[in-house]
Amino acid sequence: MTTPRRRARHLVRRWWPVALAVPLGAAAGAGYAVVSHPSYAASAYVLVVPQNPGEAATATNFAQAYGRLAGQPQVLAVAAVETGHTRAQLESLVHGTTSPDAPMIEITGTGTRPQEAAQTADAVARSLVSFANTSSKDTSVRLVTLAPAAEPDKPTTPSAALDVAVGGAAGLLVGALVMMTRRRGEAAPPEAAEAVEAPVEPTTPATPRPRGEEPPAADRAGQADEAGRTGQAEETEKMEKAEKAEEAEEGEEAEGQPGKAAAAKKSAEEPPAKEKATAGSGR
């Protein structure tokens, strides 16, 4: 098998979770975009106008406050009658947005159809203007509709490109996690290989003792024991020889040969010359 083919097989064996998960994730995102219901959004704009010239900062502050009231029940109750939705439904379909440097409120309404989204935004904008203008003498500001909502041309959700991208990213993440799990499983050694044998300590060779140096106490004790065993063996041998000589003497006396028995007894009592030399060297 050629080297490029081996490399290709190695890459496929290593990266197949990612190569499989990314297309599956993208396909799942595309399927969601096809089966999900479209949602449209339309925005209406309300302007806060000060009654006294030179109070632009006051108008901006009131715009911030009225922008928070766009989703409150006192405003949504009137709009719910006009749109045919309940107040709870309008709370999830409408929200207000303000600008920190302009006295303007953006009211965005959503719906399953373009006309429904535009009607919802306009109804909430009119209700907010009526609610705020009832107290214009106290606030010194008035609200006017700057621009009504226009019907959108295309839905805001779902977005096929965005859903496919999100699905592919999710597939990439899942594939990477699978790869990491497989790599850890392959790199983990078996339990038998984890056991480590204890190192064998090298034996230290015996150091020769210099001449004239007294041997250690343990060596002296061993030599004493060996000498004791040697002496005991010699005594036992002498006793055996003496017994044999006595037996021989008794036999000779019985036969009338006392001289030979006495010679044998004398030879048994006297140790041989080799034993004398050994005893002298032990001393």
Side-chain angles (χ1 to χ4, degrees), residues 28-29 31-163 165-167 169-170:
Y32 172 78
V34 171
V35 301
S36 61
H37 298 288
S39 177
Y40 296 86
S43 298
Y45 296 91
V46 176
L47 185 65
V48 180
V49 181
Q51 294 182 354
N52 300 323
E55 295 183 355
T58 303
T60 302
N61 294 334
F62 275 105
Q64 301 288 333
Y66 286 127
R68 296 185 181 94
L69 291 175
Q72 297 302 316
Q74 55 269 36
V75 176
L76 297 179
V78 179
V81 176
E82 184 178 349
T83 59
H85 295 290
T86 63
R87 190 176 64 185
Q89 290 174 345
L90 284 180
E91 287 180 359
S92 60
L93 296 177
V94 178
H95 66 275
T97 307
T98 59
S99 175
D101 54 356
M104 187 172 60
I105 305 170
E106 179 184 4
I107 299 175
T108 304
T110 58
T112 56
R113 296 175 301 167
Q115 298 84 357
E116 181 182 355
Q119 290 176 1
T120 301
D122 288 338
V124 174
R126 288 191 295 268
S127 177
L128 179 62
V129 169
S130 300
F131 175 79
N133 288 340
T134 56
S135 58
S136 60
K137 292 181 180 180
D138 298 329
T139 59
S140 299
V141 296
R142 293 180 65 255
L143 270 66
V144 295
T145 302
L146 180 62
E151 295 182 4
D153 297 332
K154 58 182 179 179
T156 55
T157 58
S159 175
L162 180 61
D163 292 338
V166 171

For Ser127, does its backbone N or O pair with a side-chain atom of Ser130 as donor and acceptor, under 3.5 Å? no

Would you be so kind as to tabulate the donor-acceptor pairs closer than 3.5 Å made by side chains of residues 67-80, with sequence neighbours excluded?
residue, atom, partner, partner atom, Å
Arg68, NH1, Gln64, O, 3.3

If you measure only the distance, is there a donor-acceptor pair under 3.5 Å linking the side chains of Glu116 and Thr120? no

Is there side-chain contact between Pro114 and Pro152, with heavy atoms separated by less than 4.5 Å? yes

Check whether any side-chain N or O of Asn133 sits under 3.5 Å from a backbone N or O of Arg142 as a donor-acceptor pair, and report yes or no. no

When rounded to the nearest 0.5 angstrom, what is the spacing between OG1 in Thr97 and CD1 in Ile105? 10.0 Å

Are any side-chain N or O atoms of Thr110 and backbone N or O atoms of Ala42, one a donor and one an acceptor, separated by less than 3.5 Å? no

Ser135 side chain to Asp138 main-chain N or O, any donor-acceptor pair under 3.5 Å? no

Could you state the interatomic distance from OH (Tyr40) to OG1 (Thr157), rounded to the nearest 0.5 Å? 10.0 Å

Nearest 0.5 angstrom please: Leu90 CG to Glu82 CD, how far? 10.5 Å

Nearest 0.5 angstrom please: Arg87 CZ to Ser92 OG, how far? 13.0 Å

What is the distance from atom OH of Tyr45 to atom OG1 of Thr145, rounded to the nearest 0.5 Å? 13.5 Å

Without hydrogens or angle criteria, can the side chains of Glu106 and Ser43 be said to hold a donor-acceptor pair below 3.5 Å? yes

Met104 and side-chain contact (heavy atoms from CB on, under 4.5 Å): which single residue from Thr60, Val46, Leu146 fits? Leu146

